Amino acid sequence: MIEKLGLWAMHRIDPEQGHGLALKALNAGLVPLPGPITSARLRTQVAGLDLPNPVGLAAGFDKNAVALAPLARTGFGCVEVGAATPRPQPGNPRPRLFRLSEDRAVINRFGFNNEGAEAIAARLSRRRAGPVVGLNLGANKDSADRAADFASVLGTCGPVVDFATVNVSSPNTEKLRDLQGAEALLGLLRGVIARRDALERRIPVFLKIAPDLNDQELSDIAGVAVECGLDAVIATNTTLDREGLKSAHRGEAGGLSGAPLFEKSTRVLARLSQLLNRRVPLIGVGGIASAEDAYAKIRAGASAVQLYSALVYGGMSLVPRIAHGLDALLERDSFARVSDAVGTGRDEWL
């Protein structure tokens, strides 16, 4: 009841202010914190990372790693913070975050607003042992060499995270998505992986892609992922598509996330699963708001999932509901573990 009242109140103020209040509420202990959620069925491994359950928090919620301690107790199997850029930057002008309540969706055009890699690394270095924590790598808007920015952030933050995600799929930094082309992406990833290999402790490197890619582009990305030895691909980021939206803010510029993204992102996930054929694991993101949604992503080919926008409407109590519900679905279908269910429903999306 307290959480419902809090959500009701937050939905009556500016969305970005509400986001800030949500982080403060977490740190103040005003949010349900059930602690680790796991079972023999839910425990899994992705890219060598041991996860108590496959339900993760997507990047963007805790951009500056200011709420790591409470997030470790929300029930997520892993948490991704950021995106971080080499230098601090304010991002795009406000307003830049919009609720589409009728569509259970969100549009944002933040533009990688963050306090910079050094400040974020300092906070990450102080985190206590707990769930897996990764960092989303970004590039400064005014950078002369954006590809080098990703490697720079990894060099600064790599020693204090468990994985790093190369984010070339945000639609809110001009021409960033151009780096998803095969030649540019190959060069960028080789630079990032070389920097990773220079770290004292090897961490997995993931790639986050857009949902607005055609079949040839997906095929190219699959080829690059295998050639570079990527540890996982996250499918997908937000979309520029606005088909079928009803809310008043549907025309705002930026990336759309939430329920309308579910089918599109899951089809991309399934196609990548087909192209990669288990050579590179996948993490499914986009429109997950229930245990059934998470299970559909897993059956479409995801070894783990991430969510974010659904928290705007369901609150943090959604996390244990999804994890426990997923456990029940796996038991219902006689899967002994998450990995047994991966890809079993892929053909339904192709």
Side-chain angles (χ1 to χ4, degrees), residues 45-51 56 59 62-65 68 78-89 112 114-170 173 176 178-209 220-234 276 279-283 304:
Q45 189 176 88
V46 180
L49 301 171
D50 293 317
L51 307 182
D62 189 4
K63 293 177 180 293
N64 293 302
L68 289 171
C78 64
V79 170
E80 185 173 342
V81 299
T85 55
R87 292 173 283 108
Q89 65 180 20
F112 286 164
N114 73 104
E115 296 176 12
E118 290 187 4
I120 293 170
R123 293 193 186 102
L124 287 164
S125 70
R126 297 191 294 269
R127 69 186 174 98
R128 296 179 180 178
V132 167
V133 174
L135 178 68
N136 196 274
L137 312 178
N140 282 117
K141 183 177 182 179
D142 60 353
S143 175
D145 187 350
R146 287 180 175 168
D149 279 11
F150 293 95
S152 172
V153 176
L154 180 60
T156 301
C157 299
V160 290
V161 294
D162 301 310
F163 69 90
T165 299
V166 176
N167 183 356
V168 292
S169 52
S170 170
T173 297
L176 183 71
D178 292 350
L179 293 173
Q180 290 180 119
E183 185 176 349
L185 184 60
L186 188 59
L188 184 156
L189 289 174
R190 281 175 171 164
V192 169
I193 288 171
R195 183 65 64 93
R196 186 275 308 278
D197 290 345
L199 298 174
E200 289 187 11
R201 178 175 61 95
R202 185 192 187 280
I203 62 171
V205 172
F206 301 168
L207 172 69
K208 190 168 189 176
I209 66 166
D220 289 344
I221 284 173
V224 169
V226 172
E227 183 173 347
C228 284
L230 272 177
D231 296 286
V233 177
I234 300 179
L276 289 168
R279 289 175 293 176
V280 179
L282 299 170
I283 297 171

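Note that the structure is a prediction, hence the values are computed from the model and not measured.
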Discussion item. On a heavy-atom basis, which atom in Leu135 and which in Ala84 lie closest, and how many Å separate them?
Written reply: CD1-CB, 4.0 Å

Fill in: Set of residues satisfying salt bridge (Lys or Arg N to Asp or Glu O under 4.0 Å) with respect to Asp197, sequence neighbours excluded
none

Discussion item. Between Asn167 and Asn136, do the side chains contain a donor N or O and an acceptor N or O under 3.5 Å apart?
Written reply: yes

Item to complete: Would you check, one step at a time, whether the test side-chain contact (heavy atoms from CB on, under 4.5 Å) holds for Arg123 with Asn64?
Response: CA-CA 8 Å; Arg123 293 193 186 102; Asn64 293 302; 3.7 Å; yes

Worksheet item: Minimum heavy-atom separation for Ile120 to Ala65, with atom names?
Response: CG2-CB, 4.2 Å

Item to complete: Compare every heavy atom of Phe206 with every heavy atom of Ala47, then report the nearest pair and how far apart it is.
Response: CB-CE2, 3.7 Å

Practice prompt. Identify the two heavy atoms, one from Ala222 and one from Leu276, that lie closest to each other, and give their separation to 0.1 Å.
Written response: O-CD2, 3.6 Å

Worksheet item: Using a distance-only test with no angle check, is there a side-chain donor-acceptor pair under 3.5 angstrom linking Glu80 and Thr165?
Response: yes

Practice prompt. Check salt bridge (Lys or Arg N to Asp or Glu O under 4.0 Å) between Arg196 and all other residues, then give those that pass, not counting sequence neighbours.
Written response: Asp231

Worksheet item: Are any of the side-chain heavy atoms of Pro159 and Leu199 separated by less than 4.5 Å?
Response: yes

Discussion item. Evaluate Val132 against Leu51 for side-chain contact (heavy atoms from CB on, under 4.5 Å), listing each step before the verdict.
Written reply: CA-CA 7 Å; Val132 167; Leu51 307 182; 3.8 Å; yes

Worksheet, complete the sentence: Rounded to the nearest 0.5 angstrom, the CG-CD1 distance for Leu186 and Ile221 is 12.0 Å

Practice prompt. Determine yes or no for a side-chain-to-main-chain donor-acceptor pair under 3.5 angstrom, with Asn140 supplying the side chain and Ser143 the backbone.
Written response: no

Fill in: Whether over 12 other heavy atoms sit under 6.0 Å from Arg128 CZ
no

Worksheet item: If you round to the nearest 0.5 Å, how far is CG of Leu137 from CZ of Phe150?
Response: 7.5 Å

Worksheet item: If every non-hydrogen atom of Val166 is compared with every non-hydrogen atom of Val192, which pair is closest and at what distance?
Response: CG2-CG1, 4.0 Å

Discussion item. I'd like to know if the side chain of Asp162 reaches the main chain of Ile203, judged simply by a donor and an acceptor atom lying under 3.5 Å from each other, with no hydrogens or angles considered.
Written reply: no

Response to the item:
Distance col, row Ile209:CD1 vs Ile234:CD1, nearest 0.5 angstrom, shows 10.0 Å

Worksheet item: To the nearest 0.5 Å, how far apart are SG in Cys228 and CG in Leu207?
Response: 9.0 Å

Worksheet item: For Phe112 and Ala139, which heavy atoms make the closest approach, and how far apart are they?
Response: CD1-O, 3.4 Å

Worksheet item: Any ion pair linking Arg190 and Glu227 (charged N to carboxylate O, less than 4.0 Å)?
Response: yes

Worksheet item: NZ/Lys141 to CZ/Arg146 distance, rounded to the nearest 0.5 angstrom?
Response: 8.5 Å

Discussion item. Within this structure, what is the CG-CG distance for the pair Leu185 and Asp220, rounded to the nearest 0.5 Å?
Written reply: 9.5 Å

Worksheet item: Which residues satisfy the salt bridge (Lys or Arg N to Asp or Glu O under 4.0 Å) test with Arg279, sequence neighbours excluded?
Response: none

Worksheet entry | Val133 vs Arg127 side-chain heavy atoms within contact, under 4.5 Å | yes

Item to complete: Please determine if Asp149 and Arg87 form a salt bridge, counting it only when a charged side-chain N lies under 4.0 Å from a carboxylate O.
Response: no

Worksheet entry | Side-chain touch Leu49/Cys78, heavy atoms, less than 4.5 angstrom | no

